[in-house]
Amino acid sequence: MSEVRVRFAPSPTGFFHIGSARTALFNWLYAKHTGGQFILRVEDTDKERNTEEALQVLIEGMQWLGLDWDEGPGKGGQFGPYFQSQRSAVYEEYLNLLKSKNRVYEKEGALWFRLEGERYIEYDDFKKAEVEKVKNTPVVIDDAIRGRVERTEERDFVIVRSNGEPVFHFVNVVDDISMNITHVIRGEDHLSNTSKHVELFKAFGVKPPIFAHIPLILKESGPGKMSKRDKGALIEEYQKRGFVSDAVCNYICLLGWNPKDDQEKMSIQTIIERFDFDGINKGNARFDEQKLAALNSEYLKELSIETLTQLALPELEEAGCVTDQTDREYLHSVLRLVQPKIKSLDTLADYVGYFFQERYEEDAKALARIQKNGDAKNLLLEIMEVFEAQEAYTSEQLEETLTQIASKHQRKLFAYFPIIRFAISGRSGGPDLLPLLAVMGRDRVLSRLRAFLENTSI
RNA sequence: CUCCCGUUCGUCUAGCCCGGCCUAGGACACCAGGUUUUCAUCCUGGCGACAGGGGUUCGAAUCCCCUACGGGAGGCCA
């Protein structure tokens with residue numbers, strides 16, 4: 001039994017598309033699941049757009065998702081080189097092989113692959129021209145996901161352009177042969193092309209690998225598959241926005257694959273164990289950012305405070321909440337406080353801004369609501385009296401004092417909450433109030449309460 | 001225009017291969033309550049689907065055929 005060898009063969013375009021990422025992920029999972037090898041092969045034949053930076057985007061994206069490769073760029077391997085731009089000699093060799101079998105001919109400067117079978121001319125309504133077709137026997141693809149698929153390839157096709165560059169179908173097959181690829185896991189958009197590939201495998205006299213065509217990811221709204229310009233399409237965006245990479249991985253897996261027992265949130269280790277072709281769906285899946293966000297928030301809640309801080313820091317720094325001067329202890333305690341509540345990191349700065357900045361916006365509507373209930377000023381004055389005197393600001397002690405003044409003034413404990421919250425944060429919602437006060441600490445709380453009493457007419 | 005693939009709640013999906021246990025299960029979203037302050041928290045409940053039509057069968061979401069719809073491919077792009 002030979003070892004499983006799968007590959008991810010992206011063309012660096014400067015973006016790391018979520019669909020590509022999932023193809024990479026499924027290949028990687030299959031390799032891990034079977035104990036096989038995962039190969040990264042860069043299809044950089046299109047010199048125009050394949051730049052060094054474009055490659056970097058791809059590699060960073062792969063690393064961010066935790067998809068390491070056994071052979072490929074930066075890693076080497078005995079089947080290299082792993083850049084198609086460096087494999088001309090291999091292509092030359094295989095081209096000669098085809099030529100020796102009389103399967104190549106030249107037309108208009110390009111090299112064409114010759115199908116076997118009887119030829120005839122037919123008008124083609126798509127090409128709007130007379131074209132030569134071949135009466136060919138159908139190719140049978142025994143797809144690991146879709147089952148038996150039959151398709152007839154009925155026209156010769158170009159394998160080397162007139163400028164000398166070999167085309168995708170050719171290099172793809174040659175590389176899969178010369179790299180001993182055993183399973184080709186790729187998007188369904190390649191299913192129709194597979195008949196070309198199988199014809200080439202047959203011409204080379206090589207048994208084709210096992211094909212597994214995975215469903216496509218459709219854009220969130222509107223028709224068609226997801227493309228680079230669609231919302232949520234780029235992996236690097238999630239990275240920038242502070243998504244948990246494990247959450248993104250987990251979500252992408254769920255787009256077209258599931259373990260069949262309603263499990264959704266799974267560690268990558270669990271997914272590796274459970275991943276297999278029979279869990280992959282045939283139908284295309286529509287991308288749903290809300291579901292991703294929900295999963296991501298579950299992951300956020302489990303992060304260690306150090307990891308959470310690391311993820312949140314760029315956003316907080318950019319918003320000016322946090323600087324080098326910010327006390328790390330304080331930052332940690334704020335994040336620990338809000339962690340059970342947060343849903344995403346890309347709006348975190350707005351949610352916690354007031355912890356760090358003395359100037360923050362006040363929500364006029366919230367204030368109006370509080371004033372409607374009346375007595376706001378008295379409530380605050382009653383509090384000031386005891387808060388000033390109090391030294392210890394733990395959640396429990398604050399509750400005790402508040403309970404005392406409440407009974408002294410014959411009020412409900414919670415009568416004080418809204419106005420306190422507003423006076424120190426300018427809003428009506430947020431983390432639980434008592435722990436919040438404890439985190440902010442005596443000095444901050446007192447100075448904000450004083451400032452509020454002075455500056456705001458209530 | 002041709003060929004290929006697909007079609008279960010709004011969305012991701014379980015069930016389909018091996019027909020009865022399906023009054024079709026879960027999750028996200030949404031709605032309603034609750035959590036003796038707030039909610040970008042948590043809990044409970046609700047809403048909500050077998051694309052349509054024909055077969056086969058005692059019995060079909062499950063098997064077969066047709067139609068419709070969706071997706072993909074048909075490049076000297078990958």
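All of these numbers come straight from a predicted model, not from anything done at the bench. Protein chains get the first letters and strands the later ones, always in sequence-line order, with residue 1 at the start of each.
Which of B:A73, B:G26, B:U37 sits closest to the side chain of A:Phe414 comes down to B:U37. Listed candidates were B:G71, B:G72, B:G26. Nearest to the side chain of A:Asn284 is B:G71. When distances are taken from the side chain of A:Val149 to each of B:C28, B:C4, B:G72, the shortest belongs to B:C4. Comparing B:G74, B:A78, B:G15 by their closest approach to the side chain of A:His169 singles out B:A78. Of the candidate nucleotides B:C77, B:C5, B:G75, B:G75 has the atom nearest to the side chain of A:Arg155. In this structure, the nucleotide among B:C77, B:U13, B:A27 sitting nearest to the side chain of A:Arg161 is B:C77. The listed nucleotides are B:A78, B:U36, B:C1; the one nearest the side chain of A:Val167 is B:A78.
In plain terms, the two heavy atoms of A:Arg146 and A:Pro215 that are nearest each other are NH1-N, 4.2 Å. What you find for A:Ile210 and A:Ala144 is that their closest heavy atoms are CG2-CB, 4.0 Å.
Between B:U41 and B:C30, the distance separating the two P atoms is 10 Å to the nearest Å. Here the separation of B:C43 from B:G48, taken at their P atoms, is 24 Å to the nearest Å.
Taking the ring axis of A:Phe26 as reference, the NZ or CZ atom of A:Arg22 stays within 45° of it and closer than 6.0 Å to the ring centre.
With a cut-off of 3.5 Å on both Watson-Crick or G-U wobble distances, the partner of B:U38 is given as none. As the counterpart of B:A68, B:U7 is assigned, both hydrogen-bonding distances of the Watson-Crick or G-U wobble pattern falling under 3.5 Å. Base-pair partner of B:G45: B:C31 (Watson-Crick or G-U wobble, both distances under 3.5 Å).
Stacking of A:Tyr351 onto the six-membered ring of B:A40 is not present when judged by under 5.5 angstrom between centres and under 30° between planes.
With A:Thr194 as reference, A:Arg186 is the one residue of A:Arg151, A:Arg186, A:Glu153 to meet the side-chain hydrogen bond (donor to acceptor under 3.5 Å, both in side chains) rule.
Residues A:Trp112 and A:Arg286 both approach RNA chain B. Their nearest nucleotides, taken by heavy-atom distance, put A:Arg286 toward the 5′ side.
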